Amino acid sequence: MKQIVRNSSKKRILILIAVLAWLFLIASFFWFFSRFIGFYRLETTLKKQPGYNSYLDLALDDDRYCFTVKLPTFLYWKDGNLSITKAIPEDENENYRNQDSMIIWLSTFSFQTNEVGVVLIDDTTSRQVYLKDAQTAVFEDDQPYLDRHQKEVQTLIRKAENVWGIKMPWEKQ
């Protein structure tokens with residue numbers, strides 16, 4: 001009788017392990033096609049840009065704008081983004097200091113632009129601003145910062161659309 005109970009218990013454990021392995025496999029497959037593949041395509045597009053440097057994993061265009069694709073973390077759906085920043089040489093050793101930057105988050109499945117934020121840098125301060133549209137901040141307190149940096153924000157938007165072929169969320173998709 002004990003032998004039958006042991007075999008039954010072992011079978012249950014093996015079935016449980018098999019079910020968990022299948023669930024992990026299905027979740028991995030689902031994540032790969034719903035999140036990872038879109039970012040991977042955008043990274044591949046970036047690698048085809050002139051000036052791409054695989055050691056730094058970024059593209060640097062002729063105007064010294066850096067383009068990066070942050071791939072999503074395995075099985076994490078709210079991760080991954082695109083970013084653009086102006087790199088200004090700080091010294092003769094090619095150390096760079098960043099200027100205004102843009103971060104773009106994409107929606108799952110459609111890989112359309114979901115949310116856009118900018119990091120605006122003045123002489124002594126930096127401010128993170130989420131954009132409602134190209135000229136309007138989500139939060140009213142951020143609007144003066146956005147107004148002061150409007151020219152650079154427009155340049156960042158244009159470069160994002162040109163390099164990755166994406167549209168901003170306030171534009172008709």
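The basis for the numbers below is simple: all heavy atoms, side chains too, and nothing from hydrogens, waters or symmetry mates. Quantities reported herein were computed from a predicted structural model and do not represent experimental measurements.
Between Pro169 and Asn114 the shortest side-chain heavy-atom distance does not fall below 4.5 Å. In this structure the side chain of Ile103 never reaches within 4.5 angstrom of the side chain of Leu82, judged on heavy atoms. For the pair Met168 and Ile157, the minimum side-chain heavy-atom distance is below 4.5 Å. Between Tyr65 and Val163 the shortest side-chain heavy-atom distance does not fall below 4.5 Å. Within the 4.5 Å cutoff, side-chain heavy atoms of Leu146 are placed close to those of Leu131. Side-chain contact between Lys167 and Thr113 is absent, with no heavy atoms from C-beta onward closer than 4.5 Å. Looking at heavy atoms from C-beta onward, Val69 lies out of side-chain contact with Tyr40 at the 4.5 angstrom threshold. No side-chain heavy atom of Phe36 sits under 4.5 Å from any side-chain heavy atom of Phe74.
With values rounded to the nearest 0.5 angstrom, Phe39 atom CZ is found 13.0 Å from Leu46 atom CG. Here the NZ atom belonging to Lys86 is positioned 9.5 Å from the SG atom belonging to Cys66, to the nearest 0.5 angstrom. Of the inter-residue distances, the one linking Leu42 atom CG with Ile166 atom CD1 reads 7.0 Å to the nearest 0.5 angstrom. Atom CD in Gln135 sits 10.0 Å away from atom CH2 in Trp170 (nearest 0.5 Å).
Hydrophobic clustering (side-chain heavy atoms under 4.5 Å, transitive across Ile, Leu, Val, Met, Phe, Trp, Tyr) keeps Trp31 apart from Leu20. Note on Phe139 and Trp105: same hydrophobic cluster, where clusters join Ile, Leu, Val, Met, Phe, Trp and Tyr whose side-chain heavy atoms are under 4.5 Å apart, directly or indirectly. Hydrophobic clustering (side-chain heavy atoms under 4.5 Å, transitive across Ile, Leu, Val, Met, Phe, Trp, Tyr) groups Phe29 together with Phe24. Under the 4.5 Å side-chain heavy-atom criterion for Ile, Leu, Val, Met, Phe, Trp and Tyr, Leu23 and Ile15 are members of the same hydrophobic cluster.
Using modelled atom types, one side-chain atom of Gln143 and one backbone atom of Ala137 make a donor-acceptor pair closer than 3.5 Å. Side chain of Asp79 to backbone of Thr73: a donor-acceptor contact under 3.5 angstrom is found. For Ser101 (side chain) and Gln99 (main-chain N/O), a donor-acceptor pair under 3.5 Å exists by modelled atom type. Formation of a donor-acceptor pair under 3.5 Å by the Gln154 side chain with backbone atoms of Ala134 is found in this model. Remark: side-chain polar atoms of Ser83 are not paired, donor with acceptor, to backbone N or O of Met102 under 3.5 angstrom.
Environment of NZ in Lys132: sparse, with no more than 12 heavy atoms of neighbouring residues, nucleotides or ligands closer than 6.0 Å. Annotation for Phe111: atom CZ counts as buried by contact number, over 12 foreign heavy atoms lying within 6.0 Å. More than 12 heavy-atom neighbours from other residues, nucleotides or ligands sit within 6.0 angstrom of CD on Glu161.
When each of Asp141, Asp122, Asp142 is tested with Arg127 by the rule side-chain hydrogen bond (donor to acceptor under 3.5 Å, both in side chains), just one qualifies, namely Asp142. The residue from Leu120, Thr155, Val119, Ile84 that alone fulfils the side chain to side chain contact (heavy atoms under 4.5 Å, CB included) condition with Asp100 is Leu120.
Side chain to side chain, Trp77 and Ser34 meet the donor-acceptor criterion of an N or O pair below 3.5 Å.
A salt bridge links Asp63 with Lys159: at least one charged nitrogen is closer than 4.0 Å to a carboxylate oxygen.
Residues passing the side chain to side chain contact (heavy atoms under 4.5 Å, CB included) test with Asn162, sequence neighbours excluded: Arg158.
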